[in-house]
Amino acid sequence: MRVPSRSPGQRPGPSIPTSAPTRRAPAGPSRRLASVEPDLDAYRAAVADLLVEVGALASAASAAARQVLVDQRLREPAIAAVLDATPQGLVGARETLLLEMARYQPDERRPVSDLTALVRIYLLSRIDVMWWRDAPAYRTDEQVSGSADLVDLEWLRRRDLLRFRYQEQPTTLLGRGARALRRRVRPSVAPHTSGLLFRRARREMVALLNDVGREFTAHAPPGAPPLWVTSLVRSAEHQHRLRQLGYAAWLPSGHCLGWAADVEMAWFDRFGARDTLAELLLARQRAGEINVVDEGQAWHLCLAPESRGRLRRVYEAEMAV
């Protein structure tokens with residue numbers, strides 16, 4: 001099948017705009033470190049165009065043509081500049097994506113049930129790992145639990161210092177049963193999410209989510225609940241467990257570095273507040289504060305390194321540290 005030519009057609013999504021510490025490969029003839037940061041607007045636009053083309057080749061019969069298409073498009077300067085600046089480099093990132101696409105099997109019960117979504121999530125999340133390419137990851141659950149760089153959300157919540165909500169994962173069969181019953185009886189009380197395995201976060205992420213939460217509350221329709229966070233810091237160990245369940249959980253990941261969070265989106269449709277939250281997040285992306293990845297039910301956010309110092313000062317001021 002012939003690979004379709006690039007089309008300026010409509011881009012998918014609502015404005016699309018979706019281990020051990022890694023060691024970067026040394027620069028060489030095939031991998032030169034850029035002297036300036038890549039153009040992220042150009043990257044996101046190129047990814048959006050690619051998604052249109054992937055969608056046109058979504059059938060199983062188009063698998064070979066789809067692989068050729070992606071292999072070609074990832075070499076284009078706007079995309080290659082970002083991938084080359086990640087720990088894997090262009091070659092590693094390309095091989096990972098092509099392998100994931102080859103392994104992909106449609107299944108409506110799996111968290112990632114759409115091939116286009118898989119490509120979108122992978123490529124847009126590479127901005128996170130480019131930004132934080134030199135940051136060490138939390139390899140184990142114990143490292144997350146014992147890190148002095150993370151604060152306890154429950155301690156902050158009990159003192160009314162959070163402007164967003166979350167729920168923890170139930171750890172017993174009785175707790176899971178109670179959660180399922182509550183979802184059926186009172187679906188508007190909380191979104192359908194498993195919750196946080198670790199109720200811990202970096203101080204800068206708490207400040208960011210508090211700021212987004214305040215802005216959302218100020219602009220959302222009357223009766224809309226506060227911002228809801230569905231995922232924060234994870235260990236590489238937990239990332240592997242999520243991957244086995246079918247989630248788009250790759251390594252490196254902004255979650256395993258502590259610089260990413262997922263916020264609920266789909267649940268806010270019932271309150272007429274989803275579009276409000278989407279525009280607030282995309283405005284922050286346009287301002288260069290965060291990277292946003294549309295993951296369907298939830299949107300993934302990653303803090304830009306340039307925002308770290310300001311948000312740390314905000315946290316210290318708010319918490320009177």
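Scope of the values below: all heavy atoms of this structure, side chains included, with no hydrogens, waters or symmetry mates. Counting begins at 1 with the first residue of the sequence.
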Between the side chains of [X] and [Y], does any donor sit under 3.5 Å from an acceptor?
X: R284; Y: N291; value: no
X: H300; Y: H255; value: yes
X: H238; Y: R241; value: yes
X: T96; Y: Q88; value: yes

Beyond-backbone contact of [X] with [Y], side-chain heavy atoms, under 4.5 angstrom:
X: F271; Y: P225; result: yes
X: L98; Y: E95; result: no
X: D262; Y: L301; result: no
X: T276; Y: F268; result: no
X: Y315; Y: E204; result: no
X: L303; Y: D128; result: no
X: R66; Y: E53; result: no
X: L123; Y: L50; result: yes

I121 vs W250, side-chain contact (heavy atoms from CB on, under 4.5 Å): CA-CA, chis, key distance, verdict: CA-CA 10 Å; I121 294 168; W250 293 286; 3.6 Å; yes

Candidate list E154, E168, Q167, test side-chain hydrogen bond (donor to acceptor under 3.5 Å, both in side chains), partner R199, passing option: E168

Donor-acceptor contact present, side-chain T86 to main-chain L83, <3.5 Å: yes

E237 side-chain N/O to D141 backbone N/O, donor-acceptor pair under 3.5 Å: yes

Residue pair A298 / T230: nearest heavy atoms and the distance that separates them: CB-OG1, 4.0 Å

Steps toward side-chain contact (heavy atoms from CB on, under 4.5 Å) verdict (W299, E295): CA-CA 5 Å; W299 279 20; E295 296 186 344; 5.7 Å; no

Only counting residues at least two apart or in another chain, list the ones meeting side-chain hydrogen bond (donor to acceptor under 3.5 Å, both in side chains) with [X].
X: S147; result: Y138
X: R313; result: none
X: Q239; result: R234, S253
X: Q297; result: E264

Set of salt bridge (Lys or Arg N to Asp or Glu O under 4.0 Å) partners for D71, sequence neighbours left out: R75, R94

Those residues that, when tested against D160, pass salt bridge (Lys or Arg N to Asp or Glu O under 4.0 Å) (two or more places apart): R163

Other residues, nucleotides, ligands: >12 heavy atoms within 6.0 Å of R103 CZ: no

From CA spacing to verdict: side-chain contact (heavy atoms from CB on, under 4.5 Å), L153, L196: CA-CA 11 Å; L153 295 180; L196 305 183; 4.0 Å; yes

Row check, W155 ring normal vs R159 NZ/CZ: under 6.0 Å, within 45°: yes

